Protein chains: 4
Amino acid sequence: MTIIGLDESNRSLILTDWLVINLCLMNLISQPHIRQRRKEARPAELTAAALELFVEKGFAGTRLDDVASRAGVSKGTLYLYFDSKEALFKAVIQEGIVPVLEEGSDLVDGHKGSASQLLRLMVEEWWPRIGDTHLAGLPKLMMSEARNFPELAIYYHDTVIVRGKNLIRAILKRGMVSGEFRPVDMETTIDVILAPLLMQAIWRYSLGACCGTRHDAKRYQRTHLDLVLYGLANPDQAPKGKTPK
Amino acid sequence: MTIIGLDESNRSLILTDWLVINLCLMNLISQPHIRQRRKEARPAELTAAALELFVEKGFAGTRLDDVASRAGVSKGTLYLYFDSKEALFKAVIQEGIVPVLEEGSDLVDGHKGSASQLLRLMVEEWWPRIGDTHLAGLPKLMMSEARNFPELAIYYHDTVIVRGKNLIRAILKRGMVSGEFRPVDMETTIDVILAPLLMQAIWRYSLGACCGTRHDAKRYQRTHLDLVLYGLANPDQAPKGKTPK
Amino acid sequence: MTIIGLDESNRSLILTDWLVINLCLMNLISQPHIRQRRKEARPAELTAAALELFVEKGFAGTRLDDVASRAGVSKGTLYLYFDSKEALFKAVIQEGIVPVLEEGSDLVDGHKGSASQLLRLMVEEWWPRIGDTHLAGLPKLMMSEARNFPELAIYYHDTVIVRGKNLIRAILKRGMVSGEFRPVDMETTIDVILAPLLMQAIWRYSLGACCGTRHDAKRYQRTHLDLVLYGLANPDQAPKGKTPK
Amino acid sequence: MTIIGLDESNRSLILTDWLVINLCLMNLISQPHIRQRRKEARPAELTAAALELFVEKGFAGTRLDDVASRAGVSKGTLYLYFDSKEALFKAVIQEGIVPVLEEGSDLVDGHKGSASQLLRLMVEEWWPRIGDTHLAGLPKLMMSEARNFPELAIYYHDTVIVRGKNLIRAILKRGMVSGEFRPVDMETTIDVILAPLLMQAIWRYSLGACCGTRHDAKRYQRTHLDLVLYGLANPDQAPKGKTPK
DNA sequence: CATGAATGAGTGTTCATTCAT
DNA sequence: AATGAATGAACACTCATTCAT
């Protein structure tokens, strides 16, 4: 196709042109720029397709044929970019977790208001940036496959979980220092606060996809925040009878 | 059976006869019992083995050979009791969910004290009865495989999830009626309260099994309860400055 | 069951009786006469069941489970009488071919009338004695499995085919000697005469069992005989314009 | 395709260019052709191998491993072309029955001579075209497996048997109309005439393959024709004392 | 004798991986 | 770079055979 386009604009090719062409063809038809652009997009297209299928069927239940055809390429092509199914899996995980936590960190560092406001901000931002994204499939995928890929699980843990918890820890610490939050057991509180967020993501890609009584994400988060902020509120300081903000 | 019939029709046997008979028949009778017991125990042994492996590796990743050998039988034997891998999976799920929710329901109905105490009781009982059991693998398994077995997911949802939520709903309703809990959005609150429990179980059989910074279940639950009860406490009623019990 | 019947008629058993009984039981409950009779019938019941199934599904396609349950026994019992599936198959063949050819031979030897009449008699007797019997399944079975059991095929060939051909040969010879039949190539004629009989049997247990436009066996045989006798009739001798008898 | 498009738009290429191109591309083009040819030939190679083995061992007794290795490929390759063992079986049957009956029909329609000659021609042609071919295994295979594949048996019946009988019927009708043949029962006569042909094919792939006293096909057919034509000859018309031709 | 639970070798089928083009 | 035909190891499932009872 490419070649046809190329020669359609050169109806009077002479021998030298042909030699050039042949040289190109001998390189197994080297790809012009349009292809080039796609070529760079390929890995991302493949991991995107793979993410969806891994999340849906699990690692072992996913066929590379399906991944390839969902990405619009042949199965062989997949192996140009990934050495094995496992390598693809790892790429899916690693690609999925890179970007977001940086922003969270910036958010925390740059924030000027109260810890409550910051926590609210974090939770509210989590939904559009992760929870409502395909990225939200990652937690479910990682939970499902952790024991089949322990090293990867550790990597995920250290890169995502630990850093996510760091964000919450920073907020809690700030709130407790300022007296806005009552003193609580730090580490377990972090887990308890995060659990509903994670469960929401996991649910969405598991039971929620089957027997979904439509889930109102916004309401769920509002309730979550409400409960957590109430639960953290320092009774000695906060004005009584008022919802903590 | 034959033997039983035989002694029922001979009521005039005296002790010595029985000794003779018993000695003679011992190797005809006693071993069948062992066999019998084994035969009846087999399905449970197999589903137990299967549960462990399904939870660990996922459905597709589990080899029936492994299930069989973990149960101490050959692969063929497995097929005496289950028609297919899928049938085994379904049996694992169904067998796992039968027993516990009844007790929960009784607990709620029979409780005399405050809603807070009841909620505390529920959460505290959940751990030894489910969370600390192999049954706790079920949520993780179901989350992982829901989309591969949608009908089963619906069954699980209706049988376990819905009924579990009913328990919490009953408690919340009681507390809100009595004024012990402040008014909150019922349905989402239920989910938010349950999420940390479920996450704890899921975690235990996923990332927790790999990168477990030893998880202190008791402390986690104490914090969870603390946060929830604080968060639900009715500020108009509860004595200020005091941790809700 | 047997035992129950036995002790129901002896409500006042004393010790010695019990010793006798126990001795019997130690022999693993020796079988009374009713059983005995069945015991002798067992092999025949089993081969009968096996014949049907082998004919229907072929050797490899037949499950011993099915054979046993069609004969009303358990699979283990089958192995009390036959060492292996192959042994059962051989028994089926051997049992099926024993009886009939003797009679044919007697028929030929004792016959006084014309060769035509004898041939007609043979063909007509073939139907009720073999063709309309389960035995007619044997040719189909043997054809199907000959190459899987060459030695058995040779045995069958020598025992059935050769002897069957001998019968026809004797008749043809007699007819040719007497001038009733015109001279023909003996050996191939025998085959050509037998072929429709065999095909009829084979058909019945193969395509005829599926897409049977109801097959009128009598008419088929009449036509066969008619064609053969016409075809063999000696034009120099037979009264012209008259159907040969 | 690319290459073709390329040269279509370059009509001014001269011979030398083409030589260059051909040399360069030779290893890009010529080998695909070989592949292509193989790829298209594969199904036929596979069904050919399968036919042999199915005829020899029966459907259930044939291992796909053997089919594949007889065709010179691996077992997996077989599944690129056939969905299942059963699909392969059906392909074997369907592929085997397509071609020959058309010719027979043409033969009958175009024939000018006597019905006897036509019948002789049909029978004589049958041997080199079918009887002496691997196709002759089909009847044996179909007989053996009819009851395991009833729908296929019906298809075979309607496509092969019925049409084969139509050919004979047409000949008989012609001969009876012309007075060449005496009046006989049409339908059963067809069967009786065909039976020796079919038996010959079946025999060849069953007992004949084991205990073959070498079978003289030509002589067998001559006798068959001789007997049939004598048997059909109209005594009112045919010159007496003369073998019908 | 009779049973049927247990076995494990064998086979149909799938699918990750390779490689010639 | 891309394809897809080919491979073969792996696994679900079957069934002839054994054996404890």
Side-chain angles (χ1 to χ4, degrees), chain A residues 27-32 35-36 38-39 42 60 62-68 73-86 88, chain B residues 25 27-36 38-39 42 60 62-66 68 73-86 88, chain C residues 2 27-32 35-36 38-39 42 60 62-68 73-81 83-86 88, chain D residues 25 27-36 38-39 42 60 62-66 68 73-86 88:
Chain A
N27 274 343
L28 297 175
I29 302 155
S30 68
Q31 303 306 333
R35 275 274 169 95
Q36 216 81 17
R38 292 219 73 183
K39 183 180 73 178
R42 279 283 149 77
T62 295
R63 297 205 312 252
L64 290 189
D65 260 319
D66 290 343
V67 173
V73 299
S74 75
K75 191 166 44 167
T77 303
L78 205 157
Y79 277 84
L80 295 176
Y81 298 99
F82 303 96
D83 285 344
S84 67
K85 194 185 188 183
E86 193 165 330
L88 174 63
Chain B
L25 297 183
N27 50 352
L28 291 175
I29 300 177
S30 66
Q31 277 171 333
H33 276 201
I34 292 168
R35 267 271 171 120
Q36 214 86 9
R38 290 222 75 176
K39 184 189 150 191
R42 277 284 145 75
T62 296
R63 295 205 311 258
L64 291 190
D65 259 320
D66 289 343
V73 298
S74 74
K75 189 168 44 171
T77 302
L78 206 159
Y79 279 86
L80 294 177
Y81 299 97
F82 302 97
D83 285 343
S84 67
K85 193 183 188 184
E86 192 164 332
L88 174 63
Chain C
T2 311
N27 274 341
L28 297 175
I29 303 155
S30 69
Q31 303 304 331
R35 274 276 170 92
Q36 216 81 17
R38 292 219 72 184
K39 183 181 76 180
R42 277 283 150 76
T62 295
R63 297 206 312 251
L64 291 190
D65 260 319
D66 290 343
V67 174
V73 299
S74 75
K75 192 167 43 167
T77 302
L78 205 157
Y79 277 84
L80 295 175
Y81 298 99
D83 286 344
S84 67
K85 194 184 189 183
E86 193 165 332
L88 174 63
Chain D
L25 298 183
N27 51 351
L28 290 175
I29 300 178
S30 67
Q31 276 170 331
H33 277 200
I34 292 168
R35 269 271 170 122
Q36 213 85 11
R38 290 221 78 176
K39 184 190 149 188
R42 277 284 146 76
T62 295
R63 295 207 309 259
L64 291 189
D65 259 320
D66 290 344
V73 298
S74 74
K75 192 166 43 167
T77 302
L78 207 159
Y79 278 84
L80 293 177
Y81 299 97
F82 303 96
D83 286 342
S84 67
K85 194 183 189 184
E86 192 165 331
L88 174 64

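This structure is a prediction, so every number in the text was calculated from the model and none was measured. Computation of the quantities below employed the complete heavy-atom set of this structure, encompassing side-chain atoms and omitting hydrogens, waters and symmetry-equivalent molecules. Chain letters run A, B, ... following the sequence lines, proteins first, then strands; residues in each count from 1.
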Worksheet item: With a 4.5 Å limit on heavy-atom distance, are the side chains of B/Leu88 and B/Leu64 in contact?
Response: yes
Worksheet item: Got a second to check how far C/Ser74's OG is from C/Asp65's CG, nearest 0.5 Å?
Response: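 Separation between the atoms: 9.5 Å.
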Practice prompt. Select base, sugar-phosphate, or nothing to describe what B/Leu80 touches, counting heavy atoms under 4.0 Å on all strands.
Written response: base
Round to the nearest Å and state the distance from [X] atom [atom1] to [N] atom [atom2].
| X | N | atom1 | atom2 | answer |
| --- | --- | --- | --- | --- |
| B/Phe82 | E/dA5 | CZ | C1' | 15 Å |
| D/Leu64 | F/dC11 | CG | P | 20 Å |
| B/Arg63 | F/dA10 | CZ | P | 9 Å |

Discussion item. Please compare B/Leu78 and D/Asp65 by the position of their nearest nucleotide in DNA chain E and report the one closer to 5'.
Written reply: B/Leu78
Worksheet item: Relative to the 5' end of DNA chain E, which residue comes earlier, B/Gly76 or D/Tyr79, by the nucleotide with the nearest heavy atom?
Response: B/Gly76
Practice prompt. Measure from the side-chain heavy atoms of D/Tyr81 and tell me the nearest of F/dA6, E/dA5, E/dG8.
Written response: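 Closest nucleotide among those given: F/dA6.
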Fill in: B/Lys85 vs C/Lys85, nearer the 5' end of DNA chain F by closest nucleotide
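Checking each residue's closest nucleotide, the 5'-ward one belongs to B/Lys85.
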Discussion item. Assuming nearest nucleotide by heavy-atom distance, tell me which of C/Glu86 and B/Asp83 is located more 5' along DNA chain F.
Written reply: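 Closer to the 5' end of DNA chain F: B/Asp83.
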Worksheet item: Does C/Arg42 put a side-chain nitrogen or oxygen below 4.0 Å from OP1 or OP2 of E/dC1?
Response: no
Worksheet item: Between B/Thr77 and E/dA6, is there a side-chain N or O to OP1/OP2 distance below 4.0 Å?
Response: no
Worksheet item: Where is the tightest heavy-atom contact between B/Lys85 and B/Thr62, given as atom of each residue plus distance?
Response: NZ-O, 2.9 Å
Item to complete: Please confirm whether any donor atom in the side chain of C/Lys75 sits under 3.5 Å from an acceptor in the base of E/dT3, or the reverse.
Response: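 Side chain to base: no pair below 3.5 Å.
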Item to complete: Runs of at least three consecutive Watson-Crick or G-U pairs, both distances under 3.5 Å, are what I'm after; which ones involve DNA chain F?
Response: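 Looking at DNA chain F, the stems formed by three or more consecutive pairs are E:2-21 with F:2-21.
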